[in-house]
Amino acid sequence: MALRVYDTRRREKVDFVTIEAGKVRMYVCGITPYSPSHLGHARCYIAFDIVHRWLEAKGYDVTYVQNFTDVEDKIINIANEEGIDYLEVAERNIVDYYDVMDALNVLRADHYPRVTETIEGIISMIETLIEKEHAYNGEDGVYFHVESAPEKYGLLTGQNIEAVRAGAGGRVGGTGLGKRDHKDFALWKFAKPGEPQWDSPWGAGRPGWHIECSAMSLQYFGEQFDIHGGGDDLRFPHHEAEIFQSECCTGKSPLVNHWMHNGFVNIDGEKMSKSLGNFWTITDALKTHKPLVLRHALLNAHYRNPIDFSEQFLEDGKRSQNKLEDSYCDLLRVWGEKNKDHLVSLPRPQLGGEGLAHTIGMLEKLGEECALSMDDDFNTREALAKISSAIKIMNKAVNSDIDENDRQSLGYYCVEWLEEFAGSALGLLPSREDALAGSQEDPRRAELEPIVSELLMKRAAAREAKDWEAADAIRSELAALGITVQDTADGPEWEIN
RNA sequence: GCGUCGGUAGCAAAGCCUGGUUACGCGAUGGACUGCAAAUCCAUUUCACGGGGGUUCAAAUCCCUCCCGGCGCUCCA
């Protein structure tokens with residue numbers, strides 16, 4: 001099956017081709033750790049986590065690099081306000097980033113280089129650019145001269161260099177006093193008093209915003225690599241700046257085969273921003289919803305399209321995710337109830353029976369379709385639709401009147417099916433242990449356990465006595481505590497809303 | 001202004017590149033099951049594609065045009 005990926009530069013889906021057979025070099029722009037991670041970050045890094053997972057599922061050897069821009073204006077300002085070192089600000093937000101991404105089941109990249117650890121590579125890159133006359137030393141910093149390579153302008157945004165010049169109007173000269181041209185951008189900013197700084201051939205200072213990514217990709221991948229990703233807003237100027245820097249430095253073009261950009265998260269139709277007061281951190285969202293619910297909700301739209309985030313959006317994700325987890329749990333029980341001691345080592349059962357063959361056939365077809373959806377530019381929405389269809393078939397088959405051995409082996413098949421597509425590929429399944437334990441991972445559960453157990457025992461007694469009124473009253477009481485009770489063949493179960 | 005992405009049933013969102021077949025989900029309604037619920041299953045809620053032209057045996061899908069909206073052109077995932 002051929003993987004097709006949308007490439008921002010060519011503006012169409014193209015066959016995925018790597019520089020070296022079987023190997024993928026993927027670079028995704030990481031965060032500037034000046035504040036806790038927000039929903040936009042969740043969307044971006046989940047999107048590229050899907051790329052990461054699917055490429056590995058297809059057998060590629062993926063090297064995934066993601067940077068931290070740990071020295072930058074906003075970080076310095078916050079550090080000054082709080083009277084602490086800028087690295088402290090960066091560090092605490094990097095810790096937050098790892099925490100929330102782990103919770104969201106985002107697999108770690110292979111390398112997380114930081115600007116502050118890449119100064120040497122940055123300086124040597126700037127030296128080369130100056131030698132080749134693509135950069136110059138201005139009053140307040142070293143700048144890249146965009147007009148030195150005009151053919152590279154607008155490669156990702158389709159903007160025309162002449163038009164931009166014409167439309168720039170009053171903004172020309174607004175920032176960067178030492179610029180020769182308003183389109184030029186800083187490679188190295190000379191230090192102002194009290195700012196973090198490193199020595200350089202041009203004077204003490206720190207790197208401009210774009211150069212770190214060029215230096216890091218060069219360091220880890222060399223002159224050219226396969227995938228470069230990031231949020232849609234990075235197309236310009238950040239990624240176009242990278243093209244200027246890297247290609248002018250090495251003389252190799254194109255820098256990247258596949259440029260990938262994920263769509264934005266809007267809040268109730270408006271762009272999420274601190275000034276509008278509609279800013280959601282990931283931690284905010286996780287206060288009321290489980291991490292996998294947020295992940296599911298985000299994967300329910302194609303990664304390139306914008307998402308309109310709302311309470312309803314999360315509620316939809318919650319329903320879908322609960323359904324997935326409930327079904328997974330049920331199937332684990334169908335298969336494993338009698339095999340708890342060797343749940344993992346049990347060999348895959350033989351599938352027998354005419355009825356099963358039909359079911360297995362349908363599931364295999366859906367599995368293939370699911371893979372095709374992922375191959376078509378990582379269409380997680382369509383893949384989830386296939387998974388939903390599969391779950392329906394699974395539930396029906398497992399609940400039908402069939403031989404017990406068949407039921408058990410079918411359960412096993414279904415568990416494996418879900419683990420392959422919903423689990424490995426989409427990262428939406430909890431561990432088998434967590435799934436079987438229900439929502440046990442919720443910290444509030446342990447707290448509520450004693451009181452709920454007591455009420456459930458009273459209710460069981462009332463039901464035993466067929467005192468339905470009393471039993472329902474207890475259920476209402478629990479509902480008022482935000483707890484839903486479900487009666488199953490194995491007795492009542494409860495979960496926190 | 002320039003660039004770019006969109007406008008799909010009550011809501012939400014795939015499909016458009018590679019014209020011709022059901023999206024999927026939520027919500028709603030009825031049914032099976034249940035003491036009643038929940039969960040699950042079945043059925044109904046279907047002939048939806050911004051407007052107008054055109055191409056074609058056939059268009060949500062290709063072409064033209066118009067309208068509306070998002071985002072970018074300054075820091076931003």
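Naming convention: chains lettered A, B, ... in sequence-line order (proteins, then strands); numbering from 1 in each chain.
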Counting the atoms with a prime plus P, OP1 and OP2 as sugar-phosphate, which does R11(A) contact under 4.0 Å by heavy atoms, base, sugar-phosphate, or nothing? sugar-phosphate
Need one value for N305(A): base, sugar-phosphate or nothing, where a base atom within 4.0 Å counts as base even if backbone is also close, heavy atoms only. sugar-phosphate
Aromatic plane relationship, F68(A) with Y98(A) - under 30° parallel, 30 to 60° tilted, over 60° perpendicular: perpendicular
What about N399(A): does its side chain form a donor-acceptor pair under 3.5 Å with the base of C33(B)? no
Have a look at D70(A) and tell me which of N93(A), T116(A), I31(A) forms a side chain to side chain contact (heavy atoms under 4.5 Å, CB included) with it. T116(A)
First locate atom CG of L363(A), then atom CG of L356(A), and finally report the distance between them rounded to the nearest 0.5 Å. 10.0 Å
Determine whether a donor-acceptor pair (one donor, one acceptor, N or O, separation below 3.5 Å) exists between the side chain of D472(A) and the base of G35(B). yes
Pairwise C1' distance, G27(B) and G19(B) [rounded to whole Å]: 33 Å
Indicate the atoms forming the closest heavy-atom contact of Y86(A) with I75(A), along with that distance. O-CG2, 3.5 Å
When you measure from the side chain of D487(A), which nucleotide among G72(B), A77(B), C36(B) comes out closest? C36(B)
Relative to Y6(A), does R304(A) satisfy both conditions: NZ or CZ under 6.0 angstrom from the six-membered ring centre, and within 45 degrees of the ring's axis? yes
If you look at every strand shown and take non-hydrogen atoms under 4.0 Å, does F313(A) touch a base, only sugar-phosphate, or nothing? nothing
With a 4.0 Å cut-off on heavy atoms, is K386(A) in touch with a base, just the backbone sugar-phosphate, or nothing at all? nothing
Using 4.0 Å as the upper bound for N to carboxylate O, is an ion pair formed by R459(A) and D487(A)? yes
Considering only the C1' atoms, how many Å lie between U8(B) and G25(B), rounded to the nearest integer? 15 Å
Shortest side-chain distance from R43(A), nucleotide among G70(B), A77(B), C36(B): A77(B)
Taking NZ, NE, NH1 and NH2 as the nitrogens, is one of them in K189(A) or D140(A) under 4.0 Å from a carboxylate oxygen of the other? no
Distance check: side-chain N/O of R319(A) vs OP1/OP2 of G25(B), anything under 4.0 Å? no
If you look at every strand shown and take non-hydrogen atoms under 4.0 Å, does D376(A) touch a base, only sugar-phosphate, or nothing? base
Measure from the side chain of R463(A), starting at C-beta and using heavy atoms only, and say which of G35(B), A38(B), C26(B) lies closest. G35(B)
Whole-Å C1' distance, A13(B) and A9(B): 12 Å
Select base, sugar-phosphate, or nothing to describe what K13(A) touches, counting heavy atoms under 4.0 Å on all strands. base
Are the aromatic rings of Y45(A) and Y97(A) close, with centres under 6.0 Å apart? yes
Select base, sugar-phosphate, or nothing to describe what V265(A) touches, counting heavy atoms under 4.0 Å on all strands. base
Assign N395(A) to base, sugar-phosphate, or nothing according to its heavy-atom contacts below 4.0 angstrom with the strands shown. sugar-phosphate
Select base, sugar-phosphate, or nothing to describe what G229(A) touches, counting heavy atoms under 4.0 Å on all strands. nothing
Given C24(B), A77(B), A14(B), which nucleotide is nearest the side-chain atoms of M272(A)? A77(B)
So if I take residues 95-114 of chain A and measure heavy-atom distances to RNA chain B, which residues fall below 4.0 Å? none
Tell me whether E72(A) is salt-bridged to K74(A), with the criterion being a basic N under 4.0 Å from an acidic carboxylate O. yes
Which whole number of Å gives the distance between the P atom of A48(B) and that of A23(B)? 10 Å
Under 4.0 angstrom, heavy atoms only, what part of the nucleic acid is H261(A) near: base, sugar-phosphate, or nothing? nothing
Contact class for N379(A) (heavy atom, under 4.0 Å): base, sugar-phosphate, or nothing? sugar-phosphate
Looking only at heavy atoms, which two atoms of G231(A) and C44(A) are closest? And how far apart? N-SG, 4.1 Å
Per nearest nucleotide of RNA chain B, the residue lying toward the 5' end, R4(A) or G30(A), is R4(A)
In dot-bracket, 5' to 3', how would RNA chain B read with Watson-Crick or G-U wobble pairs under 3.5 Å, [ ] for crossing ones and | for pairs to another strand? (((((((..((........[....))((((((.......))))))....(((((..]....))))))))))))....
Is the shortest side-chain N/O distance from K323(A) to OP1 or OP2 of C26(B) below 4.0 Å? yes
Regarding C24(B), can its base be found pairing with the side chain of R381(A) as donor and acceptor, where the two atoms are less than 3.5 Å apart? yes
Among G70(B), A14(B), A77(B), which nucleotide has an atom closest to any side-chain atom of D233(A)? A77(B)
Looking at every strand, decide which applies to R459(A) at a 4.0 Å heavy-atom threshold: base, sugar-phosphate, or nothing. base
Any carboxylate oxygen within less than 4.0 angstrom of a Lys/Arg side-chain nitrogen, looking at R333(A) and E493(A)? yes
